[in-house]
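In this text, all values refer to a predicted model and were calculated from it rather than measured experimentally. Chain naming here is simple, since letters A, B, ... match the order of the sequence lines and numbering starts at 1 in each.
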There are 2 protein chains.
Amino acid sequence: MELDERKKTILKLIIATYLETGEPVGSRTISKFNDLNLSSATIRNEMADLEELGYIVQPHTSAGRIPTDKGYRFYVDNLMEEKEEAEVEKSTLLERVDRMELLLKQVAKVLAYNTNYATLVTAPKYRKTIKFIQLSKVDEETLLAVIVVEGNLIKNQIIPIDTILDNEDVLKFNILLNTFLQGASLEDINLEMINAMKKQSGEYSVILDQIFQGIVDAVNEANELEIYTSGATNILKYPEIGDISKTSELLEKFEDKEELSHLLEETTGNKDDSHYIQVYIGEENPVQNMEDCSIVTATYKMPEGATGTIGIVGPKRMDYKKVVSTLKNLTIELDDIFSKRKGVNEDG
Amino acid sequence: MELDERKKTILKLIIATYLETGEPVGSRTISKFNDLNLSSATIRNEMADLEELGYIVQPHTSAGRIPTDKGYRFYVDNLMEEKEEAEVEKSTLLERVDRMELLLKQVAKVLAYNTNYATLVTAPKYRKTIKFIQLSKVDEETLLAVIVVEGNLIKNQIIPIDTILDNEDVLKFNILLNTFLQGASLEDINLEMINAMKKQSGEYSVILDQIFQGIVDAVNEANELEIYTSGATNILKYPEIGDISKTSELLEKFEDKEELSHLLEETTGNKDDSHYIQVYIGEENPVQNMEDCSIVTATYKMPEGATGTIGIVGPKRMDYKKVVSTLKNLTIELDDIFSKRKGVNEDG
DNA sequence: GTTAGCACTCGAAAGATTTGAGTGCTAATA
DNA sequence: TATTAGCACTCAAATCTTTCGAGTGCTAAC
């Protein structure tokens, strides 16, 4: 059964009121909206219908109604009008900073501050190709490998070696490594390439193995999805999220960040839509023990096509309108920053 | 008034019982300890004395007694016998890992897992002198500076430049920088040195400024006190720490880490005593809003003399004995790791 | 289709009652 | 003089009771 206009209006009023007050909404409250001109009895009839259809429920017999997940979903998809583009305050939230890491930390912080929810931000994800390798001798037993990958992300690796090398040897290695590896990603490094390099390195092929290991480790590390979080303690502000033990589990997820990465990987790049906004409500969301939460994520893009995610975790009773507009704002700002200065510096 | 032996015994029993049960301890409970052979009435008299002296209080008239801060302090200083050195299980808690950062993160995690309290760990603090600088050209507009400071801590800095340099210029800069800066710490770099370098660099003195800025930034960053935390959510397990708002404030401190650094700076290096253990009880502790917590810290040492701190934050009702022995254990293990492999690699 | 009216439900808040662990004091005892 | 038995007293916590009112569903009238 389709909802007629009046039912939609009433559902919208119920949800909007509930979002504001947090109390179950009764029929009299709704009947008082004077553009409706209906008695509470009529509203009650309509409410009974809406309940039967699964959009709202009563916490107990003699209480008002609150939205179900289905109700929220309908609200977000059909009833909630977003702020007009013009209305959105284009306030500059972000301070420009050089290093990617600091920038994203800042994004997480600003978002938490503006929404009062727990926030998460991932670094942009793209194919990490090697741009430049610099091997230097730190002392007799150790080499330092500095690997710069696409996007100016820099990784260091200390490599212990058995054989003593002189400076000339190190120079040779540098040339060898850069010749073969520049522009390569992890997947490009295959046995064939390794053997070719070993052949050229002659007597030093054992050391090459050690160096290789270091480089692979570093690039692997660069490929790890980095997650920045902020405002996790905001979760404590929302008692509806659950009792202490549930809250605690949630907070642990934010401390670990492990599970969050699964969540964010699912959201990223599902669509080409720019600033793709995704809303998970209650049971919909892919992480365990988060049935009482809603998650809203947005995707930002770098000019080179790399994408990252910013998102918030909060209670189902959440100001979706505000959250969506704040997220849009921030992604626009981020896109802006990235397009204006090509290559914000990264550093791990 | 000095406490006589019997009062000491009774105080010890009260505190030990309270640590175990968390309930106020009544006179009958104590009188049942059969090595005491005293009636509850006698205990009551002694308890009244102990209360007058400020070691214990009643939460309300008809309740048993709980320790005051003064009581805990006396217990920790005089009554609690630590586990015999031999008794301490010398279990190896730490997995060996290469990078300092990962090692310390692991320490924080292990400690949290073993104690069920919130833990904090600082990296060792010492005078960071420059060991080695390597400048390389990434592309026409960017230089990469790699700065290795004492302790194999590596910092990278991307330096944007206006003028185009060829490889020979970069080589010259490398020699210049290393000649002047090797062995220097931040304080050693003064105007005189800068001017001398500028003189030698001739036409490139403007670029030198840019490079300098990058290096100073990097060394500054290396000097920042890094703090690793774990198990912050354990705070939720201890309701005695306070209501939601207090708990929340505490958790925020752990998210920020800012304030924690003040705390840890105070504890570090107060004494030469190896594995110096420090206990702050309730009001004693130097951080605001932590009156209901106790903090226990221990100092570890690297062979070169650098020291760092590991510590835990928990409720005043804490198993001090266990915590102290766990901390001692871990610092011993850490010292061991550092002494066996000189120079665990650091990386920021 | 809408509404006024009414009996009914049930959670939340406030008050009353009971229970028991624990105390302080006093007077007797060793 | 130190210890103890005994007893009246206190008070938090648990449990039950009462009251209150917001909100409902249903019915009959408009």
Side-chain angles (χ1 to χ4, degrees), chain A residues 1-11 13-18 20-68 71 239-240 243, chain B residues 1-11 13-18 20-68 71 239-240 243:
Chain A
M1 164 168 149
E2 260 293 295
L3 295 185
D4 58 36
E5 269 321 302
R6 197 169 74 179
K7 283 201 171 55
K8 282 186 193 169
T9 315
I10 290 172
L11 180 57
L13 285 173
I14 291 171
I15 296 183
T17 310
Y18 180 68
E20 221 176 286
T21 66
E23 304 280 297
V25 182
S27 53
R28 279 213 68 210
T29 314
I30 298 300
S31 78
K32 273 190 209 132
F33 284 93
N34 50 6
D35 42 353
L36 218 56
N37 271 327
L38 289 173
S39 76
S40 61
T42 313
I43 304 292
R44 277 202 288 283
N45 290 331
E46 295 287 46
M47 278 175 153
D49 289 351
L50 285 169
E51 176 153 17
E52 206 178 337
L53 292 167
Y55 293 101
I56 50 180
V57 274
Q58 289 180 281
H60 58 264
T61 324
S62 67
R65 306 304 213 284
I66 60 174
T68 59
E240 54 232 88
D243 54 7
Chain B
M1 166 168 150
E2 260 293 296
L3 294 185
D4 59 35
E5 269 320 303
R6 195 171 72 178
K7 283 199 172 55
K8 281 185 194 172
T9 315
I10 291 172
L11 181 57
L13 286 174
I14 292 171
I15 296 183
T17 310
Y18 181 68
E20 222 176 285
T21 65
E23 304 280 299
V25 182
S27 54
R28 280 213 68 209
T29 314
I30 298 300
S31 78
K32 272 186 209 136
F33 284 92
N34 49 6
D35 42 353
L36 218 55
N37 271 327
L38 289 173
S39 78
S40 60
T42 313
I43 304 292
R44 277 202 288 285
N45 290 330
E46 294 287 47
M47 278 176 155
D49 289 351
L50 284 169
E51 177 153 16
E52 206 178 337
L53 291 167
Y55 293 101
I56 51 180
V57 276
Q58 290 180 282
H60 58 263
T61 324
S62 66
R65 306 303 212 285
I66 61 174
T68 59
E240 55 234 87
D243 55 8

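Rounding to whole angstrom units, CE of residue B:Met47 and P of C:dT23 are separated by 6 Å. Atom CD of A:Glu23 is separated from atom P of C:dG11 by 15 Å (rounded to the nearest Å). Atom NZ in A:Lys32 sits about 17 Å away from atom C1' in C:dT3, given to the nearest Å.
Taking B:Ser39 as the reference, B:Ala41, B:Thr42 meet the side chain to side chain contact (heavy atoms under 4.5 Å, CB included) condition, with sequence neighbours excluded. Considering only residues two or more places apart in sequence or on other chains, B:Glu240 meets the salt bridge (charged side-chain N to carboxylate O under 4.0 Å, His left out) condition with B:Arg317. Residues satisfying the side chain to side chain contact (heavy atoms under 4.5 Å, CB included) criterion with B:Asp35, sequence neighbours excluded, are B:Phe33. Partners of A:Thr68 according to the side chain to side chain donor-acceptor pair (under 3.5 Å) rule, which considers only residues two or more places apart in sequence or in another chain, do not exist here. With sequence neighbours excluded, the residues that form a side chain to side chain donor-acceptor pair (under 3.5 Å) with A:Arg6 are A:Glu46. Among residues two or more places apart in sequence or in another chain, the side chain to side chain donor-acceptor pair (under 3.5 Å) test is passed with B:Ser62 by none. Looking at residues two or more places apart in sequence or on another chain, you find a side chain to side chain contact (heavy atoms under 4.5 Å, CB included) between B:Pro59 and B:Pro24, B:Ala63, B:Ile66. A:Thr9 is linked by a side chain to side chain donor-acceptor pair (under 3.5 Å) to nothing, counting only residues two or more places apart in sequence or in another chain.
For residues 51-63 of chain B, the salt bridge (Lys or Arg N to Asp or Glu O under 4.0 Å) pairs, not counting sequence neighbours, are B:Glu51-B:Arg65.
Where the helix from C:dG1-D:dC30 to C:dA30-D:dT1 starts and where it ends, the local axes point in directions that differ by 20°; five pairs per end, rounded to 10°.
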The contact string for nucleotides 3-15 of chain D, one letter per nucleotide 5' to 3', using protein heavy atoms under 4.0 Å with B, S and - for base, sugar-phosphate only and none, comes out as SBBB---BBS---
Enumerate all atom pairs, one protein N or O and one N or O from nucleotides 17-19 of chain C, separated by less than 3.5 Å.
none

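Within the structure, every side-chain polar atom (N or O) of A:Arg28 is placed at least 4.0 Å from both OP1 and OP2 of C:dT3.
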